[in-house]
Amino acid sequence: MAAATIAAQIGALASGAVRSEQLVAEALAAIDTLQASLNAFITIDGDCALAAARAADARRAAGDALGPLDGVPIAHKDIFCTRDVRTTCGSRMLENFVPPYTATVVARLAAAGLVMVGKTNMDEFAMGSSNETSFFGPVANPWDVTRSPGGSSGGSAAAVAAGIVAGATGTDTGGSIRQPAALCGITGVKPTYGLASRFGMIAFASSLDQAGTLTRTAEDAAWLLQSFCGFDQHDSTSLDVALPSLTDDLNSPIKGLKIGVADAFYDDGLESGCRDAVEAALEHYRSLGATVSKIALPNLHLSVPTYYVVAPAECSSNLSRFDGVRFGHRATECSDLTELYTRSRSEGFGDEVKRRIMTGTYVLSSGYYDAYYLKAQRARRLISADFAAAFADVDVIMGPTTPTPAFGLGDKVDDPVTMYLNDIYTIGANLAGLPALSVPCGMVDGLPVGLQMIGPALSEATLLRAAHQYQQVTEWHQLTPAIAGEVPS
Amino acid sequence: MPLSKADVEHIAALSRLVFDADELADFQTKLDQIVTFVDQLTAVDMDGVEPMAHPLDLTQRLRPDEAAADIDRDRFQANASDVADGFYRVPRVIE
């Protein structure tokens, strides 16, 4: 039951067929069984979760359920601050950090009754595309444990794909929800920038970071997103807009939906198996009454270099707060303040985080600001304008989420630029602040591949409906890896 | 122009990071790869294009400056390694 969808759990809880305590106990047992092989979790909070589940069951028995989701288990990426529960961001720097407050996303899901079973593993400070930069060790892909689940939300993706939980939170700065969702064969959604609060979400690149979901289905994503999206006064970039229901419209037909495809997503790096799967998905959409036409995104090829200026620049500013004084790792026996800062940071951060901080420091430093940072901000405008022009003609842009299925753990870890190119199709949506999602659309040599959809700002309801309608006529999202069979039920 | 060892030492100092000789050589190689990669931006003519700092071109919202204390000092300072009497302790700054 834990491996079922959130929608199924909602029904079973409502009918009394299952209690939250059972669902949570099953999830905890599944973590126990699979942690050694997947390493999907950093912190597990079993006693607290079972107590919360019993409270949910008591509310429901008394007719006071907080809503349909009351009692559904969930896992949170360890980037979201959770009061009194250790929050590491995958880093030695925060190995012992216990937040004094809770992130808005987590607080809202808790207010809807969802029960947190644990905090999921991730690339250190969300900087990585393979989950290999985590201080707590890499996560394995449930479809093949010698391969990467993708990153940075790799623990959340693996936990959902393996059937430990039906839903998990993630964050997406350059593809960190959509890429692991694609590589693990699940549904990943990054909402419009500003729709989900960043309060209590440890910052990497503030103009790009956005919280979202990893679930089996688009319907489940809609349930979670509408529970936590919406204005938050604690986030100065939060959008103050009315949020439409995301679940109400899922079953409306998509006849007449205008789909755009761009040559920019079909470059030399795209493996033929991924290309074929996307082509087959487009055929499904045609049969559902959608039209498919060519659009141009002439500056999209600039998105990876643009991102690797903008994101490190913002990272170098954001991570300057880690100085060993107020929180985080502190070096011992330092003779002066500069040594305290320098050694605390050098001991606390891993190599990829250091590379991003240094890249950011370089592109912002005197003499290089105009050449790199300002230029990247101009390129960002061009990329964003391309999307705006395309959305004058189409409702949604579709293409592959990643150029290849899951790659081997260790394959790219020593070559940062090759690793960066993994996010070549996903970064554009972050630079332009657009909502985007990935749904499973095929299997290549036993590994899942994803179909990406990008829409104009605040088009979440349309994207989710398009994904849901596809999932009504396909079964890719129902496939589960063999390892999920090891989960006790 | 490739990043020199001196460049990397300078960037490290600005970043408040320190490396031993082997690490420094590795960072020099990889940072140079990254900078070479992002250098392709410099070849594109973007004169007259307005820089974009916020994805939706919104300006930051301000709220009334009213004190709201929902977290107490002790709870905050529980994460610090060295505090005394409500203060953070650091190595001597002023001789």
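Protein chains get the first letters and strands the later ones, always in sequence-line order, with residue 1 at the start of each.
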Problem set entry | Region of B:Val90 that comes under 4.5 Å of a non-hydrogen atom in chain A | both
For this session: For chain B, find which of A:Leu431, A:Asp414, A:Leu319 contributes the most heavy-atom pairs closer than 4.5 angstrom.
Result: A:Asp414
For this session: Over 60° means perpendicular and under 30° means parallel, so classify the ring planes of A:Tyr373 and A:Tyr369, tilted if in between.
Result: tilted
Seminar exercise, completed: Scored by heavy-atom pairs under 4.5 Å with chain A, the best of B:Ala80, B:Ala13, B:Gly48 is B:Ala80
Exercise. Among A:Thr192, A:Leu382, A:Asp323, which has the most heavy-atom pairs under 4.5 Å with chain B?
Worked result: A:Leu382
Problem set entry | Residue B:Leu3 versus chain A: region with a heavy atom under 4.5 Å | side chain
Problem set entry | Most chain A-contacting option - heavy-atom pairs closer than 4.5 Å, from B:Val93, B:Asp39, B:Leu14, B:Asp7 | B:Asp39
Exercise. So, do B:Phe37 and A:Tyr420 have ring centers that fall under 6.0 Å from each other?
Worked result: no
Problem set entry | Cationic N near anionic O, under 4.0 Å, A:Arg198 to A:Asp209 | no
For this session: Mind ranking B:Arg92, B:Glu23, B:Gln40, B:Glu50 by heavy-atom pairs under 4.5 Å with chain A and telling me who comes out on top?
Result: B:Glu50
Exercise. Could B:Arg75 and A:Asp84 be called an ion pair, given the rule that one side-chain N must be under 4.0 Å from one carboxylate O?
Worked result: yes
Exercise. At a heavy-atom separation under 4.5 Å, does A:Ser344 approach chain B through its side chain, its backbone, both, or neither?
Worked result: neither
Exercise. In a check of side chain to side chain contact (heavy atoms under 4.5 Å, CB included) between A:Glu132 and each of A:Met419, A:Glu352, A:Lys412, A:Glu124, which one passes?
Worked result: A:Met419
Problem set entry | Parallel, tilted or perpendicular: rings of A:Phe199 and A:Tyr101 (30°, 60°) | tilted
Seminar exercise, completed: Among A:Glu339, A:Glu347, A:Arg83, the residue with the most heavy-atom pairs under 4.5 Å to chain B is A:Arg83
Exercise. Given a strict heavy-atom distance threshold of 4.5 Å, which part of B:Phe27 is in contact with chain A: side chain, backbone, both, or neither?
Worked result: side chain
For this session: Side chain from CB out, backbone as N, CA, C, O: work out which of these in B:Val8 comes under 4.5 Å of a heavy atom of chain A, or both, or neither.
Result: both
Problem set entry | A:Arg330 bridged to B:Asp82 by N-O distance under 4.0 Å | yes
Problem set entry | Side chain / backbone / both / neither for A:Leu421 at chain B, heavy atoms under 4.5 Å | side chain
Exercise. How about A:His329 and A:Phe322: are their ring centres within less than 6.0 Å of each other?
Worked result: no
For this session: Side chain from CB out, backbone as N, CA, C, O: work out which of these in A:Asp351 comes under 4.5 Å of a heavy atom of chain B, or both, or neither.
Result: both
Problem set entry | Segment of A:Ala385 engaging chain B (4.5 angstrom heavy-atom cut-off) | neither
For this session: Check each atom of A:Ser316 against the heavy atoms of chain B and say whether the ones under 4.5 Å are side chain, backbone, both or neither.
Result: neither
Exercise. Which region of A:Asp370, side chain (C-beta onward) or backbone (N, CA, C, O), has a non-hydrogen atom less than 4.5 Å from a non-hydrogen atom of chain B, or is it both or neither?
Worked result: neither
Problem set entry | A:Ser129-A:Asp423 side chain donor-acceptor pair, cut-off 3.5 Å | yes
Exercise. Does the side-chain hydrogen bond (donor to acceptor under 3.5 Å, both in side chains) test come out yes or no for A:Ser207 and A:Arg380, once each step is laid out?
Worked result: CA-CA 11 Å; A:Ser207 80; A:Arg380 188 173 183 180; 2.8 Å; yes
For this session: Verify side-chain hydrogen bond (donor to acceptor under 3.5 Å, both in side chains) between A:Asp336 and A:Thr338, making sure each step is shown before the conclusion.
Result: CA-CA 6 Å; A:Asp336 63 34; A:Thr338 303; 4.5 Å; no
Problem set entry | Structural part of A:Leu208 lying under 4.5 Å from a heavy atom of chain B | neither
Problem set entry | When A:Arg343, A:Arg355, A:Glu314 are compared by non-hydrogen pairs under 4.5 Å with chain B, the top option | A:Arg355
Problem set entry | Region of A:Val363 that comes under 4.5 Å of a non-hydrogen atom in chain B | neither
For this session: Name the region of B:Ile34, side chain, backbone, both or neither, that has any atom closer than 4.5 Å to a heavy atom of chain A.
Result: both
Exercise. Can the ring centres of A:Phe349 and A:Phe125 be said to be less than 6.0 Å apart?
Worked result: yes
For this session: Heavy-atom pairs under 4.5 Å with chain B are the metric here; pick the option from A:Leu94, A:Val309, A:Val98 that has the most.
Result: A:Val98
Exercise. Taking the six-membered ring for Trp, are the ring centroids of A:Phe327 and B:Phe76 within less than 6.0 Å of each other?
Worked result: no
Exercise. Most heavy-atom pairs under 4.5 angstrom with chain B, which of A:Tyr308, A:Phe97, A:Tyr341?
Worked result: A:Phe97
Exercise. Under a 4.5 Å heavy-atom cut-off, does chain B meet the side chain of A:Ala379, its backbone, both or neither?
Worked result: both
Problem set entry | Stepwise side-chain contact (heavy atoms from CB on, under 4.5 Å) check, B:Leu17 with A:Thr342 | CA-CA 5 Å; B:Leu17 292 170; A:Thr342 303; 5.5 Å; no
Seminar exercise, completed: Honestly, the part of A:Val417 sitting under 4.5 Å from a heavy atom of chain B is side chain
